Amino acid sequence: MTHPTYDSIQIGDELPALQLAPVNRTTLALFAGASGDHNPIHIDTDFARKAGMPDVFAQGMLGMAWLGRLLTQWAPQSQLRRFDVRFQGITHLGHAVRCTGRVLEKLEHNGERCVRVEVLSANQYGQPRIAGEALVALR
């Protein structure tokens, strides 16, 4: 796989989008096991309903992990210098999340040539779920 270089990237360039399958209970259970986040609101329907939710919903860190996957499919993880997000909405069962990114700025940071990338995940209705930025060092 060819990774981007500082000279080949322009402000406004888009990262290859990451389209995910609709969220299901198996995904939530597997992420709970992998992450250690066994909060029952994500895996126990009765608990979620008692908390006022229609059903279980995705862990916020699962959504952040998907954005991380978007970034690391574009550039190696070792080049990621910063990754910040804001949670903007709940990812419910059946939501098919699409992760996108766009280069906002080229800059020098701590002696490295970097790009600042805007990242966003949204459900199939175009509703933002998570938004943020990353700083990626490029050769």
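Source: prediction; values computed, not measured. Here, residue 1 is the first one in the sequence, and each next residue gets the next number. Below, each value reflects all heavy atoms present in this structure, side chains not excepted, and no hydrogens, waters or symmetry copies.
- A donor-acceptor contact shorter than 3.5 Å links the side chain of Ser35 to the backbone of Phe31.
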List the atom pairs, with distances to 0.1 Å, where a side-chain N or O of residues 53-60 and a protein N or O form a donor-acceptor pair under 3.5 Å, not counting sequence neighbours.
unit_1	atom_1	unit_2	atom_2	d
Asp55	OD1	Arg25	NH1	3.2
Asp55	OD1	Arg25	NH2	3.4
Asp55	OD1	Thr45	OG1	3.1
Asp55	OD2	Arg25	NH2	2.6
Gln59	NE2	Leu28	O	3.2

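- Between the side chain of Gln124 and the backbone N or O of Gly94 there is at least one donor-acceptor pair closer than 3.5 Å.
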Determine whether Leu62 and Trp66 satisfy the following criterion, side-chain contact (heavy atoms from CB on, under 4.5 Å), listing intermediate values before the conclusion. CA-CA 6 Å; Leu62 175 57; Trp66 288 331; 3.6 Å; yes
From CA spacing to verdict: side-chain contact (heavy atoms from CB on, under 4.5 Å), Leu67, Val85: CA-CA 9 Å; Leu67 285 172; Val85 301; 4.3 Å; yes
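- Counting only heavy atoms from C-beta outward, the side chains of Glu112 and His109 never approach each other to under 4.5 Å.
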Full working for side-chain contact (heavy atoms from CB on, under 4.5 Å) between Ile11 and Leu104: CA-CA 5 Å; Ile11 294 171; Leu104 297 177; 5.9 Å; no
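- Linking Ile, Leu, Val, Met, Phe, Trp and Tyr whenever their side-chain heavy atoms come within less than 4.5 Å puts Val97 and Phe83 in one cluster.
- With hydrogens and angles ignored, the 3.5 Å screen pairs no side-chain donor or acceptor of Lys106 with any backbone N or O of Gln10.
- Using a 4.0 Å cut-off between a side-chain N of Lys or Arg and a carboxylate O of Asp or Glu, Arg102 and Glu14 do not qualify as a salt bridge.
- The hydrophobic clustering, which links ILVMFWY residues whose side-chain heavy atoms are closer than 4.5 Å, places Leu70 and Leu120 apart.
- Pairing each heavy atom of Arg98 with each of Ala17, the nearest pair is NH2-CB, 3.2 Å.
- Put simply, CD on Glu108 and OH on Tyr6 are 8.0 Å apart, with the number rounded to the nearest 0.5 Å.
- From Ser121, atom OG reaches atom CD of Gln88 across 8.5 Å, with rounding to the nearest 0.5 Å.
- The minimum heavy-atom distance linking Ala32 with Ile43 is given by the pair CB-CG2, 4.2 Å.
- With hydrogens and angles disregarded, no donor-acceptor distance shorter than 3.5 Å links the side chain of His42 to the backbone of Asn39.
- Under the 4.5 Å side-chain criterion, counting only non-hydrogen atoms from C-beta, Leu18 is in contact with Arg69.
- With contacts defined as side-chain heavy-atom distances shorter than 4.5 Å, the pair Pro76/His3 qualifies.
- Side chains of Cys99 and Val119 form no contact here, defined as non-hydrogen atoms less than 4.5 Å apart.
- Taken to the nearest 0.5 Å, the SG atom of Cys114 stands 5.5 Å off from the CG atom of Leu107.
- Panel note: side chain Ser8, backbone Pro4; no donor-acceptor pair is recorded below 3.5 Å.
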Step-by-step side-chain contact (heavy atoms from CB on, under 4.5 Å) determination, Leu80 to Leu71: CA-CA 8 Å; Leu80 186 61; Leu71 290 165; 4.1 Å; yes
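- In this structure, the separation between CG on Asp44 and NE2 on His38 is 13.5 Å, given to the nearest 0.5 Å.
- Listed here is the closest heavy atom pair of Ala48 and Ile41: CB-O, 3.8 Å.
- Counted within 6.0 Å of CD on Gln19, heavy atoms from surrounding residues, nucleotides or ligands total more than 12; the atom is thus considered enclosed.
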Validation: residues 129-139 side-chain donor-acceptor distances under 3.5 Å, sequence neighbours left out:
unit_1	atom_1	unit_2	atom_2	d
Arg129	NE	Gln127	O	3.3
Arg129	NH1	Ile90	O	2.5
Glu133	OE1	Arg116	NH1	3.2
Glu133	OE2	Arg116	NH1	2.7

